[in-house]
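So the structure is just underneath, and the comments pick up after that.
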Number of protein chains: 2
Amino acid sequence: MPCRKRCGDQWWHGKIKDCGYRITAGREAIIETLSSTHDHLSAEDVYARIHDRFPNVGLTTIYRTLDMLVNAGLVFKFDFGDGKARYELTEGPKGAHHHHHLVCTGCNRVIDYTDFIDDEVELLRRTEKGLSDKYRFRIDNHLIQFYGTCTECLAK
Amino acid sequence: MPCRKRCGDQWWHGKIKDCGYRITAGREAIIETLSSTHDHLSAEDVYARIHDRFPNVGLTTIYRTLDMLVNAGLVFKFDFGDGKARYELTEGPKGAHHHHHLVCTGCNRVIDYTDFIDDEVELLRRTEKGLSDKYRFRIDNHLIQFYGTCTECLAK
DNA sequence: TCCTTAATGGGAACTATTTTCAATAATACC
DNA sequence: GGTATTATTGAAAATAGTTCCCATTAAGGA
């Protein structure tokens with residue numbers, strides 16, 4: 001499928017090209033979709049949201065592209081315990097929007113929170129340093145999630 | 001399958017009975033297996049380790065039991081990104097052995113660390129309090145993982 | 001010991017994800 | 001701009017982890 005959008009470079013083009021990947025219409029569509037929502041989309045969700053405008057971007061491509069984006073560090077892959085992977089951009093055109101997740105084990109709802117993030121990030125940075133020194137790991141990323149029961153589920 | 005072990009109660013019997021579950025030989029075997037290792041076992045791993053002594057505990061039962069144990073709060077279910085769930089006891093006969101994980105995205109190796117845990121746990125407790133107040137969540141658990149590349153994979 | 005009901009196992013079913021492969025399109029080079 | 005090279009592609013088939021189904025069995029209370 002030809003890359004029909006002839007508008008200028010997007011903020012993420014560099015990051016992709018630097019890793020040796022090509023810019024395609026499918027990839028544009030996928031990244032656009034991810035960047036236009038705060039939902040935690042599964043591969044199938046992305047497919048559904050793209051399919052109208054790009055009927056010939058297949059599910060396989062979605063999976064492959066998301067995987068590639070995870071490799072390139074542009075996307076983070078989450079497991080919220082409902083059997084399918086969820087994807088989120090690590091940053092937008094304006095930079096990172098740091099948040100963590102609160103997951104309801106009753107209904108699988110996920111709340112993004114940014115409260116307390118500064119303290120967390122500060123501690124994580126220290127921990128990261130300590131760990132990478134001690135275990136000789138290069139640490140790229142971290143995951144913090146809290147699990148519990150949301151108000152609605154508590155009411156039952 | 002009859003419960004052949006007639007030895008006295010195990011430390012976990014109460015927790016299971018309190019949730020209305022029964023004690024069976026299969027469940028004993030599964031918990032024993034989990035408590036005798038620090039490995040992060042998948043359902044299939046547990047099956048393999050039990051199958052010699054209990055040839056008639058099926059994989060289905062392993063899945064069901066692990067799920068039940070997660071519900072009962074005795075087991076924690078992890079996703080390290082290799083496509084299968086991993087299970088770990090949340091506590092042993094001597095109480096909880098608190099640790100977090102360092103995951104290599106190259107080879108999927110997982111290192112348990114306990115360093116810095118005290119600071120982390122202290123911060124988490126505070127965050128947990130703040131979050132549960134603000135979002136009216138009952139928080140039961142948390143997950144912290146660091147992702148990166150281990151020494152061996154860095155060498156490549 | 002008997003009775004109720006939860007737990008079981010084997011296989012089939014399900015579902016998210018990956019693989020295969022021939023066709024197509026994005027980039028580098030001229 | 002045209003062409004060669006090579007990554008990317010979609011569809012269908014394959015895979016793999018997990019769950020469902022249902023007749024049978026066993027745990028625990030009376």
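Since this is a predicted model, take the numbers as computed values, not measurements. A, B, ... follow the sequence lines: proteins, then strands. Residue 1 opens every chain.
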Report summary line: Quick note, salt bridge (charged side-chain N to carboxylate O under 4.0 Å, His left out) partners involving residues 145-155 of chain B, not counting sequence neighbours, are Arg109(B)-Glu152(B)

Report task. Please work out whether the ring planes of His142(B) and His98(B) are parallel, tilted or perpendicular, with thresholds of 30° and 60°. Result -> tilted

Requested in this report: Let me know the distance between CD1 of Ile31(A) and P of dT8(D), rounded to the nearest Å.
Outcome: 13 Å

Query - Intermediate values then yes/no, side chain to side chain contact (heavy atoms under 4.5 Å, CB included), Leu89(B) and Phe76(B) - result: CA-CA 6 Å; Leu89(B) 281 183; Phe76(B) 206 1; over 6 Å; no

Query raised in the report: Roughly, in whole Å, what's the span from CD1 in Ile23(B) to C1' in dG29(D)?
Result: 15 Å

**Report entry** Closest nucleotide among dT9(D), dA7(D), dA27(D) to the Arg22(A) side chain
**Finding:** dA7(D)

Report summary line: From CZ of Arg27(B) across to P of dA27(D) the rounded distance in Å is 11 Å

Report task. May I ask you to decide if the ring planes of Phe146(A) and Tyr113(A) are parallel, tilted or perpendicular, using 30° and 60° as cut-offs? Result -> tilted

Requested in this report: Can you check each nucleotide of nucleotides 11-24 of chain D against protein heavy atoms at under 4.0 Å and return B for base, S for sugar-phosphate only, - for none, in 5' to 3' order?
Outcome: BB----SBBBB---

Report task. Taking atom types as modelled, find out whether Arg138(A) and Thr149(B) have a side-chain donor-acceptor pair closer than 3.5 angstrom. Result -> yes

Query raised in the report: Taking atom types as modelled, is there a side-chain donor on Asp115(B) or Tyr135(A) under 3.5 Å from an acceptor on the other?
Result: yes

Report task. Mind calculating the distance between CG (Asn71(B)) and C1' (dA6(C)) to the nearest angstrom? Result -> 15 Å

Query raised in the report: Closer than 4.0 Å, any side-chain N/O of Thr24(A) to the OP1 or OP2 of dT9(D)?
Result: yes

